[in-house]
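Just so it is clear: chains get the letters A, B, ... in the order the sequence lines come, proteins before strands, and each one is counted from 1. Everything numeric in this text was worked out from a predicted model, so none of it was measured.
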Amino acid sequence: MAQYPFTDIEPKWQRYWLANETFRTPDEIDTSKPKFYVLDMFPYPSGSGLHVGHPEGYTATDITARYKRMRGFNVLHPMGWDAFGLPAEQYALQTGTHPAVTTQKNIDRFREQLQSLGFSYDWSREIATTDPEYYKWTQWIFLKLFEKGLAYEAEAPVNWCPALGTVLANEEVINGRSERGDHPVVRKPMRQWMLKITAYAEQLLDDLELVDWPESIKEMQRNWIGKSEGAEVDFAVEGLDETLRVYTTRPDTLFGATYMVVSPEHPLLDRLATDATRAEVEAYRETASHKSDMERTELAKGKSGVFTGSYAINPVNGQKIPVWTSDYVLISYGTGAIMAVPAHDDRDYEFAKTFDLPIVEVISGGNIEAEAFTGNGVLVNSANDEISLNGLEVAESKAKITAWLESKGLGQGKVNYKLRDWLFSRQRYWGEPFPILHVDGNPVPVPENELPLTPPVVDEYKPSPEGDPPFSRNAEWVNTTDPTTGKPARRETNTMPQWAGSCWYYLRYIDPKNDRAAIDPEKEKYWMPVDLYVGGAEHAVLHLLYARFWHKVLYDCGVVHTKEPFHRLVNQGMILGEVEINLFRDAEGRPVSESEARNDEEFTAERIPESEAVKKGDGFVWKQDESIRLRSRAHKMSKSRGNVINPDDVVKQYGADSLRLYEMFMGPLEQVKPWSMKGVEGVYRFLNKVWRLFENPLTDTECDPDQNRLVHATIKKVTEDIEGMRYNTAIASMMEFVNAATKWESLPRAAANPFVLLLSPFAPHMGEELWAKLGHAETLAYEPWPEYDESALLRDEVEILVQVTGKPKARIMASPTATQAELLTLAKAHPDVAAALEGKTIRKEIAVPGRLVNIVAT
RNA sequence: GCCCAGGUGGUGGAAUGGCAGACACACGGGACUUAAAAUCCCGAGCCGAAAGGCGUGCGGGUUCGACUCCCGCCCUGGGUACCA
């Protein structure tokens with residue numbers, strides 16, 4: 001392949017940009033100019049290095065950053081490292097290497113890789129969450145949360161593995177057993193730090209109105225917060241002087257409650273159990289403790305449960321109803337107890353069917369013999385001596401019964417959220433230490449002037465023999481004195497979760513070296529909010545919700561001046577591995593069709609070359625036996641599958657500009673797309689073609705009208721596509737330009753100059769090199785972006801399609817401004833159209849200027 | 001299970017109410033070459049010899065006109081609170 005010399009020009013311009021600090025955003029700037037803060041979700045610097053998924057979003061933001069600079073904006077475009085986390089800690093467990101050492105090595109590798117891709121980051125602002133100068137302020141923010149009563153200690157269930165003596169992440173637990181060693185795991189309550197994110201539930205919900213985010217992400221956040229309006233109702237328990245409080249969103253169905261369910265963790269369960277049922281209840285609770293919330297609420301798995309032996313009294317009709325315990329009721333939502341209305345709730349219905357409990361219809365309109373009816377309807381069977389809901393609809397009934405319950409002191413209207421407080425501590429080594437001392441059993445903040453509080457030196461990175469977190473291995477660090485009272489104190493040995501550092505990093509980039517404050521208020525005022533934030537859709541809920549929460553706390557503390565941190569958000573889609581074609585074989589090695597092999601582990605998938613597959617119908621079949629259907633699919637890149645693409649290899653073979661261009665040309669940024677090395681070759685050919693185009697003689701003559709139209713059409717398309725982040729079609733239009741310009745005898749500078757500027761955000765190395773070749777001495781990074789001239793785009797005549805009753809019959813040439821009447825006259829004059837209309841009656845005439853004519857005739 | 005997204009040629013995709021398949025990959029043919037690579041030109045949704053017919057996951061609907069809007073389904077992917 002004829003090559004343009006990317007191996008020379010790419011490192012050359014990377015050195016130039018670094019040496020000249022081309023992309024440094026100075027502290028003192030001309031604030032009369034508009035600003036643009038364009039941010040990437042910073043990576044976790046893993047040991048395996050950069051993945052081709054990283055440069056997808058990074059290239060998109062880099063194009064936008066470069067474009068905005070050329071548009072005269074002050075641009076802030078930083079990069080850093082979300083560097084606390086499990087892998088470095090696990091490596092430390094195995095090898096004894098301090099996680100800081102591993103982390104630094106990985107960061108250096110990541111930085112080098114990113115720099116080899118030509119991103120225009122301001123590297124003078126680089127930050128790492130593991131840097132004491134950074135986490136000093138993470139700890140400072142935690143103290144603010146603590147001061148405001150938003151951080152508290154509580155017992156919360158965790159995945160405890162007795163055999164490993166440690167707490168496991170959900171992903172380390174498979175079917176109730178540990179991933180490492182296959183030991184049993186139980187849900188066990190443990191003392192934890194919690195953050196009261198629920199105090200901000202309403203604001204987190206309302207302020208979604210203020211941001212320009214994809215509607216689907218906002219929807220996911222709304223659902224996650226899960227606001228519901230209902231009522232709390234107290235049920236008396238027979239033989240106990242306690243009441244059982246339930247939360248329900250359907251107080252209107254109260255007359256249809258035929259039993260109750262408490263979650264296995266409910267505090268009253270022990271007292272609800274009778275001597276006759278106690279053993280069974282305890283066994284059930286034990287079983288439930290091995291399941292995750294997700295396993296418990298899966299509808300498909302069927303319902304389990306045990307009768308407690310106790311009865312409750314339905315407050316509206318005095319009816320005695322049994323109290324059960326079942327794991328489909330979660331302790332973490334509502335009150336951990338429900339009234340069950342099987343006629344009008346799918347889960348209760350399934351449970352009632354399973355255990356043969358009565359089903360009483362209270363809303364007409366469905367067929368409760370067959371299924372629960374959850375829709376709107378008219379109330380029936382819902383009256384007592386004092387109140388009747390009969391004849392009312394659902395909404396009215398809710399209001400009426402809630403008012404009645406309140407007047408009787410039996411319950412009250414209640415707003416509830418699915419959102420739970422944030423479990424904020426981890427029993428790990430490699431995280432921010434909590435700046436907290438325990439004095440006389442109470443948590444006390446470490447004074448601000450003692451920050452940063454650094455992790456202790458430990459002999460090993462695993463929990464202590466007693467099962468306490470790793471920090472407790474250093475007794476000297478743990479046992480200290482409270483500087484204010486002089487009393488003996490124990491340091492907190494939990495660490496913060498990885499989320500902590502990523503909750504405010506976007507602020508620190510604005511003022512990364514400040515040692516007196518987390519951020520200077522003047523700088524914050526100029527740069528915030530982030531104008532464009534790009535990252536993976538997998539962060540749609542958690543990271544974005546947590547960061548918004550911290551931002552709102554900082555807003556209330558007067559640290560920031562905007563209610564929301566990220567104005568516009570875009571989620572890039574995942575990049576999958578190359579498409580693979582699989583042939584399935586059964587246990588005896590006989591090939592079988594894909595449909596037979598589905599969901600069965602006895603079958604093995606074998607990767608076969610594309611040439612052995614033939615398209616047939618909807619899918620592919622095996623060339624050697626066309627009755628065997630194959631599976632053609634792209635999979636998530638993973639080490640175990642062996643389909644990971646290393647960006648270094650791509651850069652080596654095709655250059656950074658090709659990688660950048662391909663990542664953008666693959667398809668829309670937001671979409672999931674499979675990788676294809678052939679596709680990389682395609683854009684590489686395009687860059688070679690550009691290179692050859694500039695080997696043509698350059699002329700100072702003006703463009704002819706056709707050339708001029710193409711130049712301006714390309715400027716228009718590329719500009720609008722960058723604004724709309726449609727980078728794939730911007731590249732396609734540049735390809736069209738080059739395809740046409742290659743056929744020109746010579747290249748006018750009036751076309752060459754703007755084209756290089758258009759290309760430069762996408763392929764910056766080639767852009768700079770060609771710009772220099774065109775005789776410019778300075779970098780093009782701050783050249784004004786080309787403007788297009790609408791008048792150059794005008795044509796005298798355009799082709800108009802003429803349809804008769806929707807069928808294309810002819811094409812006519814007409815002025816783009818021709819009126820509807822003119823178009824119809826022209827169309828009818830066309831012989832093919834006239835022939836098609838022969839003997840028919842015209843029913844309707846449609847003419848769209850510049851586009852088409854449709855004459856409906858029968 | 002629940003929430004969200006996506007299904008268009010052999011492949012990635014384009015067109016967001018107006019000629020489905022821009023641009024690119026792969027493929028076939030040709031030119032150049034001793035040959036290959038690279039490059040250039042031509043072809044191509046499917047069925048059909050052609051006329052023509054059929055085609056945007058499936059089934060309905062709205063409209064002069066639907067990949068695009070509405071209703072119902074199927075399949076695939078992401079998230080599901082200690083992976084980040």
Side-chain angles (χ1 to χ4, degrees), chain A residues 1-3 41 43-44 46 82 84-87 158-159 167-173 192 214-217 219-224 226 292-301 328 332 346-347 418-423 425-428 497-499 502 536-543 545-546 571 573-574 576 579 610 613-615 618 620 632-634 636 662 665-668 670-683 685-686 688-689 692 728-729 731-736 739 742 799-801 803 805-806 808 811 843-846 848 851-857:
Chain A
M1 232 184 255
Q3 288 189 351
M41 287 185 189
Y44 172 74
S46 74
D82 188 13
F84 279 121
L86 270 180
V158 294
N159 300 314
V167 173
L168 298 176
N170 284 340
E171 72 155 15
E172 297 175 297
V173 182
Q192 302 284 346
E215 200 44 50
S216 60
I217 302 290
E219 195 56 25
M220 277 195 259
Q221 292 222 340
R222 284 190 199 108
N223 293 334
W224 189 263
S292 69
D293 281 1
M294 213 198 309
E295 287 167 332
R296 289 168 49 159
T297 51
E298 269 176 42
L299 257 184
K301 292 211 169 164
Y328 83 96
S332 50
D346 293 321
R347 295 157 299 183
K418 256 194 233 144
L419 182 69
R420 313 203 288 257
D421 275 344
W422 176 9
L423 200 161
S425 43
R426 302 290 184 264
Q427 294 69 47
R428 308 258 182 223
Q498 194 170 8
W499 304 110
S502 62
E538 63 274 23
H539 297 289
V541 179
L542 294 182
H543 160 63
L545 201 65
Y546 293 155
N571 288 116
M574 191 187 303
L576 306 175
V579 173
E610 221 178 305
V614 194
K615 178 86 176 180
D618 279 346
F620 286 90
S632 162
R633 205 159 78 85
K636 206 167 169 173
Y662 176 65
F665 188 61
M666 289 173 87
E670 300 86 344
Q671 223 160 80
V672 177
K673 335 164 248 280
W675 187 265
S676 156
M677 270 306 177
K678 289 290 183 189
V680 183
E681 278 178 32
V683 295
R685 278 205 278 268
F686 164 68
N688 273 300
K689 221 161 156 177
R692 284 196 303 273
N728 55 329
T729 48
I731 294 167
S733 79
M734 289 189 279
M735 286 175 169
E736 286 181 79
N739 288 344
T742 301
E799 193 183 74
I800 306 280
L801 176 76
Q803 297 178 329
T805 321
R811 279 150 232 275
R843 304 284 174 195
K844 193 159 187 174
E845 294 175 332
I846 296 110
V848 184
R851 291 226 111 122
L852 93 167
V853 169
N854 187 8
I855 300 168
V856 184

Excluding sequence neighbours, so at least two apart, what forms ring-ring contact (aromatic ring centres under 6.0 Å, His included) with Tyr546(A)? Trp422(A), Trp499(A)

Taking protein heavy atoms under 4.0 Å as touching, what does nucleotides 51-57 of chain B look like 5' to 3' if B marks base contact, S marks sugar-phosphate-only contact and - marks none? -------

Between A26(B) and C73(B) - C1' atom distance, rounded Å: 35 Å

Taking for Pro497(A) and for Met666(A) the nucleotide of RNA chain B with the nearest heavy atom, the one nearer the 5' end belongs to Met666(A)

More 5' along RNA chain B: Pro87(A) or Glu215(A), using each one's nearest nucleotide? Glu215(A)

Hey, does His539(A) reach any base, or is it just sugar-phosphate, or nothing, if we go heavy atoms under 4.0 Å? base

Spacing of the P atoms in C67(B) and G57(B) (rounded, Å): 10 Å

Under 4.0 angstrom, heavy atoms only, what part of the nucleic acid is Leu576(A) near: base, sugar-phosphate, or nothing? nothing

Can you measure Asn159(A) atom CG to C83(B) atom P for me and round it to whole angstrom units? 9 Å

Does G9(B) fall in syn (glycosidic angle within 90° of 0) or anti? syn

Please classify the nucleic acid contact of Arg428(A) as base, sugar-phosphate, or nothing, using heavy-atom distances under 4.0 Å. base

Answer with base, sugar-phosphate or nothing: what part of the nucleic acid does Met41(A) contact at a heavy-atom distance below 4.0 Å? nothing

If I pick the C1' atom on A24(B) and the same atom on G17(B), what distance separates them, to the nearest angstrom? 27 Å

Minimum-distance nucleotide to Arg692(A) side chain [options: C4(B), G13(B), C40(B)]: C40(B)

If you compare every side-chain N and O of Arg426(A) against the phosphate oxygens of C82(B) (OP1, OP2), does one of them come in below 4.0 Å? yes

Would you please confirm or rule out a distance under 4.0 Å between OP1 or OP2 of G65(B) and any side-chain N or O of Lys844(A)? no

Regarding Ser632(A), tell me which of base, sugar-phosphate or nothing describes its non-hydrogen contacts under 4.0 Å with the strands shown. nothing

Looking for any heavy atom pair under 4.0 Å, which part of the strands does Val158(A) touch: base, sugar-phosphate only, or nothing? base

Excluding sequence neighbours, so at least two apart, what forms ring-ring contact (aromatic ring centres under 6.0 Å, His included) with Phe665(A)? none

Please determine whether a side-chain nitrogen or oxygen atom of Arg633(A) lies at a distance below 4.0 Å from atom OP1 or OP2 of C75(B). no

Have a look at Leu419(A) and say if it touches a base, only the backbone sugar-phosphate, or nothing, with a 4.0 Å heavy-atom cut-off. base

Of all heavy-atom pairs between Tyr662(A) and Pro674(A), which one has the smallest distance, and what is that distance? OH-O, 3.9 Å

Counterpart residues, side-chain hydrogen bond (donor to acceptor under 3.5 Å, both in side chains), relative to Asn223(A) (two or more places apart): none

Go through RNA chain B and write down every stem, that is, every run of at least three consecutive Watson-Crick or G-U wobble pairs with distances under 3.5 Å, as range with range. B:1-7 with B:74-80, B:10-12 with B:23-25, B:27-31 with B:39-43, B:45-47 with B:52-54, B:57-61 with B:69-73

How is Val672(A) classified with respect to the nucleic acid when contacts are heavy atoms under 4.0 Å: base, sugar-phosphate, or nothing? sugar-phosphate

Rounded distance in Å between the P positions of C4(B) and A14(B): 24 Å

When we call it a touch if two heavy atoms are under 4.0 Å apart, what does Phe686(A) touch: a base, just sugar-phosphate, or nothing? nothing

Assess whether one donor atom and one acceptor atom, taken from the side chain of Gln427(A) and the base of C82(B), lie less than 3.5 Å apart. yes

Name the nucleic acid region contacted by Gln192(A), choosing base, sugar-phosphate or nothing; use a 4.0 angstrom heavy-atom cut-off, strictly under. base

Under 4.0 Å protein heavy-atom contacts per nucleotide of nucleotides 14-27 of chain B, with B for base, S for backbone only and - for none: S---BB--BBSSS-

Protein-nucleotide distance (Leu86(A), atom CG; C83(B), atom C1'), rounded to Å: 7 Å

